Amino acid sequence: MTAAAHAGLHQPVLDWYADHRRDLPWRALDATPWGVFVSEIMLQQTPVARVLPVWTDWMTRWPAPADLAAAAPGDAVRHWGRLGYPRRALRLHAAATAMVASHDGAVPDDLEQLRALPGVGAYTAAAVGAFAFGIRCAVVDTNVRRVHARAVTGSAQAAPALTAAETRLAEELLPRDDADAATWNVAVMELGALVCTAGSPTCELCPISDRCAWLAAGRPAYDGPVKRAQRWAGTDRQVRGLLLQALRDADGPVQQAALDLVWSDAAQRGRCLAGLIEDGLVDPLPDRTYALPA
DNA sequence: CAGACGTGGTT
DNA sequence: TAACCAAGTCT
């Protein structure tokens with residue numbers, strides 16, 4: 001498809017976004033680059049509803065990178081709560097420390113420098129660049145990939161992993177105008193989150209249903225490669241979660257005997273505790289006690 | 001590059 | 001109810 005043909009998608013999506021966008025606090029006019037940065041890390045693989053209260057608490061507690069950098073990494077882990085993937089809290093703390101050390105305490109406004117921060121991959125660098133600084137770049141997340149797969153490619157869902165072709169398509173679809181490009185990125189994400197959802201898309205509410213290749217083809221089922229479902233019950237991930245929860249819920253150091261209660265399999269429990277220590281999420285202290293990192 | 005890495009709501 | 005899903009990153 002040509003760039004001119006793609007351009008026909010822009011206005012309906014931009015108009016739809018103006019009418020249906022959610023008023024999320026990190027999208028407010030007074031949101032800071034730091035607020036955007038924190039939101040993007042928290043939103044990785046995590047629903048908006050669960051992020052909202054934690055983000056608000058973090059912004060009050062640590063309104064600037066230097067505030068978080070001055071705190072103990074364990075405080076970041078503690079106040080991460082039950083968002084999941086707690087290594088993100090540690091990386092956020094490390095990113096704040098890097099901002100203080102190398103960027104005058106500010107979120108860098110450059111894609112390469114953003115990408116170099118811990119916990120920041122291609123998606124997050126682009127998202128912060130676009131949403132906090134208005135940089136014209138393609139933001140490609142799971143929502144965007146799904147919308148593009150359906151509307152343009154005609155497939156029910158995107159491939160298991162991001163491909164070079166998808167990135168190229170996203171760049172081709174980007175509006176020329178800087179301001180339009182920034183809005184386009186968030187608008188397509190929002191469309192994927194609210195209308196063009198994974199499970200049961202509401203095509204009747206979609207602003208580009210009349211141009212959607214997948215809908216035109218009769219919404220054919222996905223026939224590409226599938227990714228294996230992740231197990232949970234009994235995995236190390238579950239045990240790590242239980243151990244860390246015990247440490248978060250305690251005021252200070254926790255006796256090994258208390259940790260022994262969270263999982264009966266001693267070998268697995270020991271392996272997971274060692275892994276948490278290795279990851280820097282737990283500090284081993286004298287007398288067989290453990291704590292969140294100081 | 002496939003697999004590890006949390007958590008809880010929805011279908 | 002088991003499986004799927006949610007603004008990915010790192011190794």
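Keep in mind that what you see is a predicted model, and the values were worked out from it rather than measured. To find a chain, count down the sequence lines: A is the first, B the second, and so on, and within it residues start at 1.
- Whole-Å rounding puts the A:Leu92 CG to C:dC10 P distance at 13 Å.
- Look at the P atom in both C:dC4 and B:dG3: the space between them is 15 Å, to the nearest Å.
- For A:Asp251, the CG atom is loosely surrounded, since the number of other residues' heavy atoms within 6.0 Å does not exceed 12.
- Contact annotation for A:Ala161: no contact, since no heavy-atom pair falls under 4.0 Å across all strands.
- Sequence order on DNA chain C of the closest nucleotides to A:Gly119 and A:Arg22 puts A:Arg22 first from the 5' end.
- Within the nucleic acid shown, A:Leu24 comes within 4.0 Å of at least one base atom, counting heavy atoms only.
- Residue A:Arg146 has a polar side-chain atom (N or O) positioned under 4.0 Å from OP1 or OP2 of C:dA6.
- The side chain of A:Ala198 approaches C:dA6 more closely than any other nucleotide in the set C:dG8, C:dA6, B:dG6.
- Atom CZ in A:Arg88 sits about 10 Å away from atom C1' in C:dA7, given to the nearest Å.
- Side-chain contact between A:Val128 and A:Leu111: absent, with no pair of heavy atoms (C-beta onward) separated by less than 4.5 Å.
- Side-chain contact between A:Tyr123 and A:Val139 is present, with at least one heavy-atom pair separated by less than 4.5 Å.
- In terms of hydrophobic clustering, with Ile, Leu, Val, Met, Phe, Trp and Tyr side chains grouped at heavy-atom distances under 4.5 Å, A:Phe37 and A:Tyr85 are assigned to different clusters.
- Along DNA chain C, the nucleotide nearest A:Gly199 and the nucleotide nearest A:Thr124 are compared for position; the residue whose nucleotide lies closer to the 5' end is A:Gly199.
- For A:Thr46 against B:dG6, a side-chain N or O and a base N or O form a donor-acceptor pair under 3.5 Å.
- When rounded to the nearest whole Å, the span between OH of A:Tyr85 and C1' of C:dA7 equals 14 Å.
- When distances are taken from the side chain of A:Arg27 to each of B:dG6, B:dC5, C:dA7, the shortest belongs to C:dA7.
- Nearest to the side chain of A:Arg115, among C:dC10, C:dA7, B:dC5, sits C:dC10.
- Proximity of A:Arg240 to the phosphate of B:dG6: a side-chain N or O atom is located under 4.0 Å from OP1 or OP2.
- A:Val139 comes within contact range of no nucleotide atom at all, as no heavy-atom separation falls under 4.0 Å.
- Considering only the side chain of A:Tyr123, C:dA7 comes nearest among B:dT7, C:dA7, C:dC4.
- Separation of the P atoms belonging to C:dT11 and B:dG6 is 14 Å when rounded to the nearest angstrom.
- Heavy-atom distances to DNA chain B give each of A:Gly84 and A:Ser200 a nearest nucleotide, and the one nearer the 5′ end belongs to A:Gly84.
- Of the P atoms belonging to B:dC5 and C:dA2, the separation is 22 Å, rounded to the nearest Å.
- For A:Asp279 and B:dA4, the CG to C1' distance is 10 Å, given to the nearest whole Å.
- Across all strands, A:Gln230 comes closer than 4.0 Å to base atoms (heavy-atom distances).
- The interatomic distance linking A:Arg50 (CZ) with C:dG8 (P) rounds to 13 Å, in whole Å.
- Between A:Thr235 and B:dC5 there is no side-chain polar atom (N or O) within less than 4.0 angstrom of OP1 or OP2.
- Within 4.0 Å of A:Trp80, counting heavy atoms only, lies no atom of the nucleic acid at all.
- Residue-level contact check: A:Ala127 touches neither bases nor backbone, having no heavy atom under 4.0 Å from any strand.
- Across all strands shown, A:Asp236 has heavy atoms under 4.0 Å from sugar-phosphate atoms exclusively, and none from any base.
- A:Arg91 contributes no side-chain N or O that forms a donor-acceptor pair with the base of C:dT9 under 3.5 Å.
- We find that CD1 of A:Ile41 is positioned 15 Å from P of B:dG6, with the value rounded to whole Å.
- In this structure, A:Asp141 atom CG and C:dA7 atom C1' are separated by 5 Å, rounded to whole Å.
- Of the listed residues (A:Gln44, A:Glu40, A:Arg115), just one forms a side chain to side chain donor-acceptor pair (under 3.5 Å) with A:Thr124, and that residue is A:Gln44.
- Note on A:Arg271: every side-chain N or O is 4.0 Å or more away from OP1 and OP2 of B:dA4.
- Using a 4.0 Å heavy-atom distance criterion, A:Thr142 is classed as a sugar-phosphate-only contact.
- Few gaps surround CZ on A:Arg22; more than 12 heavy atoms of other groups in view lie less than 6.0 Å from it.
- The separation of C:dA7 from B:dA2, taken at their C1' atoms, amounts to 23 Å, rounded to a whole angstrom.
- Ranking B:dG8, C:dA7, B:dC5 by closeness to the A:Arg82 side chain, first place goes to B:dG8.
- Heavy atoms of A:Leu244 sit nowhere under 4.0 angstrom from any nucleic acid atom.
- Between C:dG8 and A:Gln44, no contact under 4.0 Å exists linking OP1 or OP2 to a side-chain N or O.
- Within the 4.5 Å cutoff, the side chain of A:Thr46 has heavy atoms near those of the A:Arg88 side chain.
- Here C:dA6 is the nucleotide among C:dA7, B:dG6, C:dA6 with the atom lying nearest to any side-chain atom of A:Pro47.
- Look at CZ on A:Arg237: it is 13 Å from C1' on B:dG8, rounded to the nearest Å.
- Shown here for A:Pro12 and A:Arg211, the closest heavy-atom pair between the two residues is CG-NE, 4.4 Å.
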